[in-house]
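Take a look at the structure set out below.
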Amino acid sequence: MRNVIMATVVSLLVFPLYLVLMLPYGLIARMVSDPLRLRFRPKRETYYRPARRMEMAR
Amino acid sequence: MSTYLLGISCFYHDSAAVLLRDGEVIAAAQEERFTRIKHDSAFPVNAVRFCLAHAGIALRDIDKVLYYEDPHLKFSRIVGTFSALAPRGAFEFCKTAGVWLTRKLYVRSQLRDLFETSFEIAAPVIEYVEHHESHAASAFFASPFEEAAVLCVDGVGEWATTSAWVGRGNSLEKLWEIRFPHSLGLLYSAVTWFCGFKVDSGEYKLMGLAPYGVPRYAEQIRQHLIDIKDDGSFQLNMRYFDYAVGHTMTTAKFDALFGGPRREPEGLLTAREFDLAASIQVILEEVMLKLTSHLRQATGMDNLCMAGGVALNCVANGKIAERHVFDRIWVQPAAGDAGGALGAAYTDWFTRRGNTRRIAGRDAMSGSLLGTQYDRDEVRERLDAVGAVYRECTELELFPEVASFLAEGDVVGWFQGRMEFGPRSLGSRSILGDARNVDMQTTMNLKIKNRESFRPFAPAVLEEYSKEWFDHEAESPYMLFVHPVAAGRRKQLPDRGETGLEKLRQIRSEVPAITHVDYSARLQTIGEDSNPAFRELVRAFHRQTGCPVVVNTSFNVRGEPIVQSPEDAYRCFMRTAMDYLVVGNFILEKRAQPDWQEACDWRTEFALD
């Protein structure tokens, strides 16, 4: 029960953060790049993400 | 002094615990077998207790606990996905974030609390291993190869859904990955869901359904749902899928593409479901063949190891083997998330600690017989406690007698030695029947397993005779490859244009009970160093009948985890139309048992899978 109440309270606190941070970030990121590669059939030779680049990004 | 590492997978599905002693796997079990809840995701306290008891150690002797994924990376995927798809799923994100920020993100502290509550001592050090690294390690370090290419394909772990690795000695190097939401596993699961089966459990039903249909949707899937490159990399069209931020697997566009809403669970199976199953199987095989061909070309390796839920698609595995994409293939028998527990522990032992890897025998899995076992006295005590009527015989008497039951058409529950680790029954907790019997498939499906009539059964065959009965080259001890029944064993059928389930009741070979409608079979070869009691039984059956093949299916009913204890086996035996139960050297005949009464209908005990 305590967990449920805590999770609900945190969910309510997250919502303003979502509106202020994630929503604008998400919309801008989608315009500038395509982070999840959602654009279907882009001009791309492969969909593999090489491991080295991935490690550097981290 | 030995070093003990405990691998754990839990909190999603298929919880399991695996114990390594100086890098050697000595015990492994899935929690579902103890709790009797299929795919149980709870902290595997029973599996951990079993592992410790088997090794004769206490929790304080464990050097480190390795958890099979990294919750921080997983949370980054959730945040990344919801932000990239904003404002879709805004409220869903807030709800999810609440649960993550208060609980799911702190797996280490949750595990620490659970260990301390359950074992009443301080928990060992707990570390995370990435999900696909766990899969890759479970495939490569358990394999018989000094070096190999490794392919992991599943639904999703943290970000990766498909990853390729090169394994050499005690090291694993990642080459590339494909990330969420583009997932071959989730594509297959989406179609599974659309066809009215459960995600994360009904996929193997869809695979079994495929031969009843024709792949008439394959082109539509290629055109609208997935873009497949020649190198096997792929991208999904997320307009058709809802799983990234929604509550369902597919969208209304998906319904429109395939002529209406999804089939209701347990509803009537129509040509659409048969054909969708056939179509998605064709697509999956196409991607897997391209992925593996590219991997061979890119790495130059002769050997391939595979893990991840998609590696349990034994039809695709059979195709990769038949095309000789690699010289040798080894698939982790616990390829799903349960096997992640093994990979997590292996990662620490080999990759992080740099211990030398020595390869001995067929592989490091001991035939996957890594679970619980019961000695003679324990079995007797437990059978007495449930009021079972039994007789004991010697080993010399046991095998010919049980073989004669099978030859007479009886169905036998077979409980011997250590329980299997992974989803397949390999002759330790099995229901067995005569593969030559034309009624066996129907009897086993409807009267014993209480499951859908279209589901095929798998054969277990003595390895030395397997090539006379099936078209295959390499051994298949873990039932992970589908191969055709040998042409000489097939029966030619007149083409009457049967479709769907009309194909079911036809005698297609000398072993009709295990011959699927496309003449294929999910093969288990029983080698000389395999499960000795099971091999001895099939040898006795062969001596009596001239047939080295028996039906081998898991010892459970639909929705039930495979039996773990003699009591579970007796309960399952009494609830179904099995004729005999054999536990160790004890034989139980159904007719001799007292009446079985239960307060309520046992069919309601297990949620249908």
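Every chain is numbered from 1, with letters handed out A, B, ... down the list of sequences.
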Okay, side chain of B/Gln235, backbone of A/Tyr47: is any donor-acceptor separation there less than 3.5 Å?
no
Assert top hit (heavy-atom pairs under 4.5 Å, partner chain A, pool B/Ala97, B/Ala244, B/Ala90) equals B/Ala90
Interface moiety of B/Leu291 toward chain A, non-hydrogen atoms closer than 4.5 Å:
both
Do you know which two heavy atoms are closest between B/Arg222 and A/Arg41, and how far apart they sit?
O-NH2, 2.8 Å
Side chains of A/Arg44 and B/Ser233, heavy atoms from C-beta outward: is any pair under 4.5 Å?
no
With a 4.5 Å cut-off on heavy-atom pairs, point out which of A/Gly26, A/Pro35, A/Ser11 contacts chain B the most.
A/Ser11
Please check this pair: side chain of A/Arg30 against backbone of B/Ala84, looking for a donor-acceptor N/O pair closer than 3.5 Å.
yes
Could you report the tightest heavy-atom contact between B/Phe93 and A/Val14, atom names first, then the distance?
CE2-CG1, 3.7 Å
Correct closest heavy-atom pair for A/Leu36 and B/Trp159 would be CD2-CZ3, 3.7 Å
Set of residues satisfying side-chain contact (heavy atoms from CB on, under 4.5 Å) with respect to A/Leu12, sequence neighbours excluded
none
Part of A/Phe15 within contact of chain B (heavy atom distance under 4.5 Å)
both
Heavy-atom count around B/Arg352 CZ within 6.0 Å, excluding the residue itself: above 12?
yes
Name the region of B/Arg77, side chain, backbone, both or neither, that has any atom closer than 4.5 Å to a heavy atom of chain A.
neither
Could you tell me if the side chain of B/Pro181 sits less than 4.5 Å from the side chain of A/Leu38, heavy atoms only?
yes
For B/Lys229 and A/Tyr48, indicate whether the former's side chain and the latter's backbone hold a donor-acceptor pair under 3.5 Å.
no
Chain A heavy atoms under 4.5 Å from B/Thr81: which part of the residue, side chain, backbone, both or neither?
both
By a 4.5 Å heavy-atom criterion (distance strictly below it), what part of B/His294 contacts chain A: side chain, backbone, both, or neither?
side chain
Out of A/Asp34, A/Leu23, A/Ile28, A/Thr8, return the one with the most heavy atom pairs under 4.5 angstrom to chain B.
A/Leu23
Shortest non-hydrogen contact from B/Ala86 toward A/Leu27:
O-CD2, 3.6 Å
Portion of B/Leu85 that has a non-hydrogen atom of chain A nearer than 4.5 angstrom:
both
Heavy-atom pairs under 4.5 Å with chain A, option from B/Asp230, B/Ile226, B/Val79 with the top count
B/Ile226
Report yes if some heavy atom in the side chain of B/Thr102 is under 4.5 Å from a heavy atom in the side chain of A/Val9; otherwise report no.
no
Report which part of B/Phe180 has an atom under 4.5 Å of a heavy atom belonging to chain A: side chain, backbone, both, or neither.
backbone
